[in-house]
Every structure is written in structure tokens, then in C-alpha cells.
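Everything on this sheet refers to the single structure shown next.
Only heavy atoms go into these numbers, but all of them, side chains included; no hydrogens, no water, no symmetry mates. Each ligand, and each atom within it, is numbered from 1 in the order the structure gives.
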Amino acid sequence: MKQYLALCQRIVDDGVWIENERTGKRCLTVINADLTYDVANNQFPLITTRKSFWKAAIAELLGYLRGYDNAAQFRAIGCNTWNANANDNQAWLNNPHRKGEDDMGRVYGVQGRRWQKPDGTPIDQLKKIVDDLTKGIDDRGEILTFYNPGEFDMGCLRPCMHTHTFSLLGDTLYLTSYQRSCDVPLGLNFNQVQVFTLLALIAQITGHKAGQAYHKIINAHIYEDQLELMRDVQLKREPFASPQLKINPKIKSLDDLETWVTLDDFEVIGYEHHDAIQYPFSV
Ligand SMILES: Nc1nc(=O)c2c([nH]1)NC[C@@H]1CN(c3ccc(C(=O)N[C@@H](CCC(=O)O)C(=O)O)cc3)CN21
Ligand SMILES: O=c1ccn([C@H]2C[C@H](O)[C@@H](COP(=O)(O)O)O2)c(=O)[nH]1
């Protein structure tokens, strides 16, 4: 939690105002942030200086791992975060690739599970990683990437947290996640939960201990209409100790994640937090 607040304070103190053409808003911006999460000791990096809707963040991750491409699929598992990007973004509404209401196109999980080869057949990046790690193999290329420049025009948004690299040292699994663009008040609250949970889940289903998760962010920003709430409300609050994440130990395979897992299989223990803050969301 301290590293999150330090990043917010750094943006407030040293950020540079940058015009963002896509949203038509200005963002107070810094470049480069490195966050580390202690998955080994279950220090769940949940924001405590406001109420975090962590279940929606885990649902979003589950949707990516399942290869979802439609906001209705996300809603059905308890996540509303893609409604606006799928249905309220004029550029996407005008895009001939959009298949109708709620379609997100070839984003995130579609690339992770069904990356299209030139001959039209799909590559399942996640399955390859899970199969390798289960056998104790780290070929130094256990990379899940959603970043496919050749298909950016076929999706509603380029992926923000775009690449996850898994590394095995003995029986301990590590994760390094890369994020090109980060809405620190809203998105990072979710992304921290997702990086932590992704390592915990993949360690569990491949039979390894979880080590540390490293989260590398390039462009970290606060939108102009979020700044006052961050600077004058959230940053004035004292954080509480980190809670713990409990994952149902019956989850043992990728197939389990794809079929029966729900948000009831995740529990947060000891979450003390301040009141909710509603930050404006930019489409
Ligand atoms: N401008 C922007 N910021 C983002 O963080 C973002 C995007 N766009 N587009 C794609 C996804 C969608 N994400 C989102 C979208 C909405 C919330 C949000 O509204 N969160 C609320 C509560 C959500 C709930 O009740 O479930 C929050 O207070 O954290 C968070 C992440 C992250 N991404
Ligand atoms: O997981 C996510 C997804 C998105 N975001 C934020 C970062 C930016 O504010 C927008 C995306 O806009 P671009 O113009 O495509 O950079 O969404 C996030 O923080 N986390």
C-alpha cells in the first residue's frame, strides 16, 4: 500500500500535464514505476485508503484467462468494467470490425488464448505456459502477451497491462507484468489485484510456491478530473495493514479456471479500509 501512495504522491508532486487526444482530457503524468507484491507471504496489495471492489478485478482477470471478447460475458461473472469501452466509444462504434452490442473485438484474452497465425490457426499462449510450468519447465520464454499491433484496429482498446512473463527458480514461481498505460486512481487499484492473483493462481494450478510479482508501469497518470479527490481526499488518509487473499485450494487446473470457478472461490481476510471514493472514468 505504501508503494501505491508513494506513486500517487510522486505524480502529484512531479507529474507533467499531458494532453490526451483519445479522451480529450489532460493527465498529470510520470514515466516509470516499479511495484513489487509479496505473494509468498500473502500480502494482498489491496488499496485500503478507499474501498476497493476487488471481486470485479478478479472477475476481469478470470475473463481474460478464459479468452472472453464480450462485455456481457464479463458482466455475467460480476465485472462491469468493459461496458463503456465496448459500447460508448465512438471510434469503436464506427469500426467495421465491431460485431454488435457488447463486442470488444480481438483484445486481451482473445490474443492470450487465440492468437491468430498467418495460416489462420490459433495459438493458445496460456495453455503452453501452464503445460510447461506443470512439468517444471521454464524455457525463458513463458510469456503471455496480449500486445498484437497487427490487430489493434480489431479491438476496442489496446491492452494496457499487456505482457506477463513467468519464471521458475527451483520450485518457486515469479511473475513480471508490464503495463504501458495506467490510470492510477481507477485502473491500478484493479491491476495490483490482478498481478498478485495471476501469480497466486498459476502457482497453485502448476504445483509451485509463489514468490514475488513484479509490476512494471511505463506511463502512470491521474486524469484532470480525478486530481482533487486523489490529492485532497485519498492521499490525506492513513493506510491500514494489507489483508490476505484466500483462493479455493480445489482449483487445480486451467480447465477448472475455465469451467466452474466463480468469485465465491476467492475470499479476502482482514480487509480494513476507508470509505469508498467514486473517481470519474474516462472513455
Ligand atoms: N480510463 C480508463 N481507466 C481504466 O482504468 C480502464 C479503462 N479506461 N478502460 C479499460 C479498463 C476498464 N477498467 C476499469 C473500469 C472501471 C473501473 C471502475 O469503475 N472501478 C470502480 C468500481 C467498479 C465496481 O463497482 O465494480 C472503482 O471505484 O474502482 C475500474 C477499472 C480498467 N481500464
Ligand atoms: O487494465 C487497465 C486498462 C486500462 N487502464 C487505463 C489506462 C488509460 O487511462 C486507459 C487506456 O487508455 P489508452 O489511451 O489506450 O492508454 O485505461 C488501466 O489503467 N488499466
* Between Gln194 and ligand 2, which residue portion shows a heavy-atom distance shorter than 4.0 Å: side chain, backbone, both, or neither? -> neither

* For ligand 2, note which part of Leu186 has a heavy atom under 4.0 Å away: side chain, backbone, both or neither. => neither

* Should Arg22 be counted as touching ligand 2, given the test is an N or O pair under 3.5 Å? -> yes

* Asked: Quick check, are the ring centers of His164 and Tyr178 under 6.0 angstrom apart?
  -> no

* With heavy atoms only and a cut-off of under 4.0 Å, state how Phe190 meets ligand 2: side chain, backbone, both or neither. => neither

* Asked: Where is the nearest protein heavy atom to atom 6 (C) of ligand 2: which residue, which atom, and how far?
  -> Asp183 CB, 3.7 Å

* Test: Glu151 and Arg158 ion pair at under 4.0 Å -> no

* Using a 4.0 Å heavy-atom threshold (strictly under), name the region of Ser181 that reaches ligand 2: side chain, backbone, both or neither. => both

* Asked: Is the ring centre of Tyr108 less than 6.0 Å from the ring centre of Trp82?
  -> yes

* Using the benzene-type ring in the case of Trp, are the ring centres of Phe152 and Tyr147 under 6.0 Å apart? -> yes

* **Gln179 touching ligand 2 at heavy-atom level, < 4.0 angstrom** => yes

* To do: Would you check if Gln244 and Val268 make a side-chain contact, meaning some heavy-atom pair closer than 4.5 Å?
  => no

* To do: Compute the minimum heavy-atom distance from Tyr108 to ligand 2 and say whether it is under 4.0 Å.
  => yes

Can you produce the list of protein nitrogen or oxygen atoms under 3.5 Å from a nitrogen or oxygen of ligand 1, alongside each distance?
from     : atom 1 : to     : atom 2 : distance (Å)
ligand 1 : 1 (N)  : Asp183 : OD2    : 3.4
ligand 1 : 1 (N)  : Ser282 : O      : 2.9
ligand 1 : 3 (N)  : Asp183 : OD2    : 2.7
ligand 1 : 5 (O)  : Gly187 : N      : 3.3
ligand 1 : 9 (N)  : Asn85  : OD1    : 2.8
ligand 1 : 28 (O) : Arg50  : NH1    : 2.8
ligand 1 : 29 (O) : Arg50  : NH2    : 3.2
ligand 1 : 29 (O) : Asn189 : ND2    : 3.3

* **Minimum side-chain heavy-atom gap Gln179-His215 below 4.5 Å** => yes

* Close-contact set for ligand 2 against Asn191 heavy atoms, below 4.0 Å -> 1 (O), 2 (C), 18 (C), 19 (O), 20 (N)

* **Qualifying residue, where the test is side chain to side chain contact (heavy atoms under 4.5 Å, CB included) with Met230 and the options are Ile222, Leu28, Ile277** => Ile222

* Asked: Tell me: protein heavy atom nearest atom 5 (N) of ligand 2, and distance?
  -> Cys160 SG, 3.5 Å

* Per-atom contacts, ligand 2 versus Tyr223 - under 4.0 Å to a heavy atom -> 8 (C), 9 (O), 10 (C)

* Aromatic ring proximity, centroids under 6.0 angstrom, Tyr174 and Phe166 -> no

* Any salt bridge between Asp102 and Arg75, counting N to O under 4.0 Å? -> yes

* When you look for heavy atoms under 4.0 Å from ligand 2, do you find them on the side chain of Phe281, its backbone, both, or neither? -> neither

* Asked: Is there side-chain contact between Gln192 and Tyr4, with heavy atoms separated by less than 4.5 Å?
  -> yes

* Does the distance from a Lys or Arg side-chain N to an Asp or Glu carboxylate O, for Lys127 and Asp131, drop under 4.0 Å? -> yes

* Do you know which of Arg231, Lys25, Arg26 makes salt bridge (charged side-chain N to carboxylate O under 4.0 Å, His left out) with Glu224? -> Arg26

* **Presence of salt bridge, Arg98 and Asp103, under 4.0 angstrom** => no

* Please verify whether a non-hydrogen atom of Glu60 lies at under 4.0 Å from ligand 2. => no

* **Polar contact flag for Asn20 and ligand 2 (N/O pairs, less than 3.5 Å)** => no

* To do: Could you tell me the residue and atom name of the protein heavy atom closest to atom 15 (O) of ligand 2, and the distance to it rounded to 0.1 Å?
  => Arg180 NH2, 2.8 Å

